[in-house]
Every structure is written in structure tokens, then in C-alpha cells.
Amino acid sequence: QVRLVESGGGLVQTGGSLRLSCAASGFTFSLSGVAWFRRGPGKEREFVATVDYSGGFTSYTDSVKGRFTISRDNAKNTMYLQMTSLKPEDTAVYYCAASDGRGGATVSIAYDYWGQGTQVTVSS
């Protein structure tokens with residue numbers, strides 16, 4: 001059974017940092033492109049960051065470039081999103097996603113497995 005379980009969300013002040021984790025099981029994580037998406041209040045789900053199966057390719061949405069870093073540890077079947085200089089507009093439920101393909105993709109349709117989400121709230 002495929003499982004993706006996010007953790008690390010919470011309440012933080014503007015300018016603060018958080019690290020999200022996503023633990024994967026039930027599929028070959030080391031061969032899977034993965035990503036983070038988010039859904040803010042009253043907004044559609046949007047792409048945040050992706051990394052390919054090897055960690056050699058990453059891509060970010062413009063609004064988080066220079067502030068967020070996506071990474072993965074294939075030995076631990078875990079992916080991460082390090083978030084710094086957080087802003088109120090980063091407030092959202094953050095979801096991790098994994099693909100049956102190896103590449104990193106920026107569109108949700110490319111992903112086959114999804115976590116339940118973790119809430120990140122940035123206070124002003």
C-alpha cells in the first residue's frame with residue numbers, strides 16, 4: 001500500500017523557517033520524481049517545488065525561489081522542503097506527491113500518489 005505522510009507543519013511568524021518532511025512507503029521511492037504542492041485559503045492547488053529521482057534536477061515556482069529548498073534522502077525514503085523567510089502568503093496546506101516516473105514535473109497530473117497534507121500558517 002502506497003503511503004505518503006507529511007510532517008513538520010505549524011504556526012510560524014513572518015520571516016521564520018520550517019522544514020517539512022514526507023515519508024514514503026509502498027513503492028520504489030528512489031526511482032520516483034517527487035514534488036510539493038500547496039493550497040492556500042480560497043485558492044487552487046499550486047506547484048511549489050520538484051526534484052527528480054536522483055536529486056540532480058530541481059525546479060521551483062517563482063514565488064519561492066531563493067527561500068525554499070527541496071531535497072530527498074533515498075536511503076530514508078523521505079523528501080523535504082526547507083522553507084525560510086516565510087511570508088503570510090505562504091500560508092497553505094502543503095502536500096507531497098510522487099510519480100511513477102523518474103523526472104521532476106511541475107503539473108499535478110504527473111503525480112500518482114499524494115499525501116494528506118500538513119498545515120503551514122505564517123502570522124504577520
Side-chain angles (χ1 to χ4, degrees):
Q1 181 182 1
V2 172
R3 292 192 70 198
L4 293 171
V5 181
E6 302 98 336
S7 61
L11 174 64
V12 65
Q13 292 185 331
T14 296
S17 299
L18 281 174
R19 188 175 83 152
L20 305 183
S21 300
C22 175
S25 60
F27 65 103
T28 308
F29 179 78
S30 61
L31 296 181
S32 176
V34 295
W36 290 95
F37 288 77
R38 66 185 180 186
R39 186 191 303 271
K43 298 181 181 180
E44 306 244 332
R45 183 172 58 190
E46 65 171 348
F47 164 77
V48 177
T50 185
V51 59
D52 74 351
Y53 77 106
S54 69
F57 167 82
T58 59
S59 180
Y60 299 87
T61 193
D62 285 347
S63 63
V64 308
K65 284 180 181 176
R67 299 189 299 122
F68 291 11
T69 302
I70 189 171
S71 62
R72 64 190 298 157
D73 186 337
N74 286 343
K76 295 182 178 179
N77 285 355
T78 303
M79 59 188 284
Y80 306 97
L81 186 68
Q82 178 68 50
M83 305 186 293
T84 63
S85 301
L86 281 161
K87 306 174 181 180
E89 50 264 45
D90 295 317
T91 295
V93 177
Y94 284 71
Y95 301 90
C96 61
S99 171
D100 282 335
R102 299 189 182 195
T106 63
V107 293
S108 59
I109 196 172
Y111 294 93
D112 302 284
Y113 314 115
W114 293 83
Q116 293 299 306
T118 186
Q119 176 71 47
V120 171
T121 302
V122 184
S123 63
S124 57

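Between the side chain of Ser59 and the main chain of Thr50, no donor-acceptor pair closer than 3.5 Å is present.
Checked against Val122 for a side-chain contact (heavy atoms from CB on, under 4.5 Å), the options Leu11, Leu86, Leu18 give a single hit: Leu86.
Atoms CD1 and CZ, from Ile70 and Phe57 in turn, are 10.5 Å apart once rounded to the nearest 0.5 Å. Rounded to the nearest 0.5 Å, atoms CD (Gln13) and OG (Ser123) are 5.0 Å apart. Residue Met79 holds its CE atom at 5.5 Å from SG of Cys96, rounded to the nearest 0.5 Å. Taking OG from Ser99 and CG from Leu31, the interatomic distance works out to 11.0 Å, rounded to the nearest 0.5 Å. Here the straight-line distance linking atom OG of Ser25 with atom CD of Gln1 works out to 8.0 Å at 0.5 Å rounding. Annotation: the span from Arg67 atom CZ to Ser85 atom OG amounts to 7.0 Å, rounded to 0.5 Å.
Criterion: ILVMFWY side-chain heavy atoms under 4.5 Å apart, direct or through other members. Under it, Val34 and Tyr113 are part of a common hydrophobic cluster.
The two residues Ala98 and Leu4 come nearest to each other via the heavy atoms N-CD1, 3.9 Å. Nearest approach of Gly117 to Val93, heavy atoms of both residues: CA-CG1, 3.8 Å. In terms of heavy-atom proximity, Gly104 sits nearest to Tyr111 at C-OH, 4.0 Å. Of all non-hydrogen atoms in Tyr95 and Gln116, the two that sit nearest each other are CE2-O, 3.4 Å. Annotation for Thr14 and Ser124: closest pair OG1-CA, 3.4 Å, computed over non-hydrogen atoms. In this structure, Ala49 and Tyr60 approach most closely via the heavy-atom pair CB-CD2, 3.5 Å.
Side-chain contact check for Leu20 versus Met83: some heavy-atom pair is nearer than 4.5 Å. You'll find the side chain of Val12 stays beyond 4.5 Å of the side chain of Ser17, heavy atoms only. Side chains of Tyr53 and Ser32 form no contact here, defined as non-hydrogen atoms less than 4.5 Å apart.
Inspection of the Thr121 and Gln119 side chains reveals an N or O donor paired with an N or O acceptor under 3.5 Å.
With respect to Lys65 and Asp62, a salt bridge is recorded, a charged nitrogen being found less than 4.0 Å from a carboxylate O.
Taking the ring-ring contact (aromatic ring centres under 6.0 Å, His included) definition, one finds that Phe68 meets it with nothing, sequence neighbours left out.
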Stepwise, does the side-chain contact (heavy atoms from CB on, under 4.5 Å) test hold for Tyr80 with Val51?
CA-CA 10 Å; Tyr80 306 97; Val51 59; over 6 Å; no
Please determine whether side-chain contact (heavy atoms from CB on, under 4.5 Å) holds for the pair Arg38 and Leu81, giving the CA-CA distance in whole Å, both sets of side-chain angles, and the decisive distance to 0.1 Å.
CA-CA 12 Å; Arg38 66 185 180 186; Leu81 186 68; over 6 Å; no
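Heavy-atom neighbours of Arg39 CZ from other residues, nucleotides or ligands within 6.0 Å: above the threshold of 12.
Both cation-pi conditions hold for Arg72 and Phe29: the charged atom is under 6.0 angstrom from the six-membered ring centre and inside a 45 degree cone around its axis.
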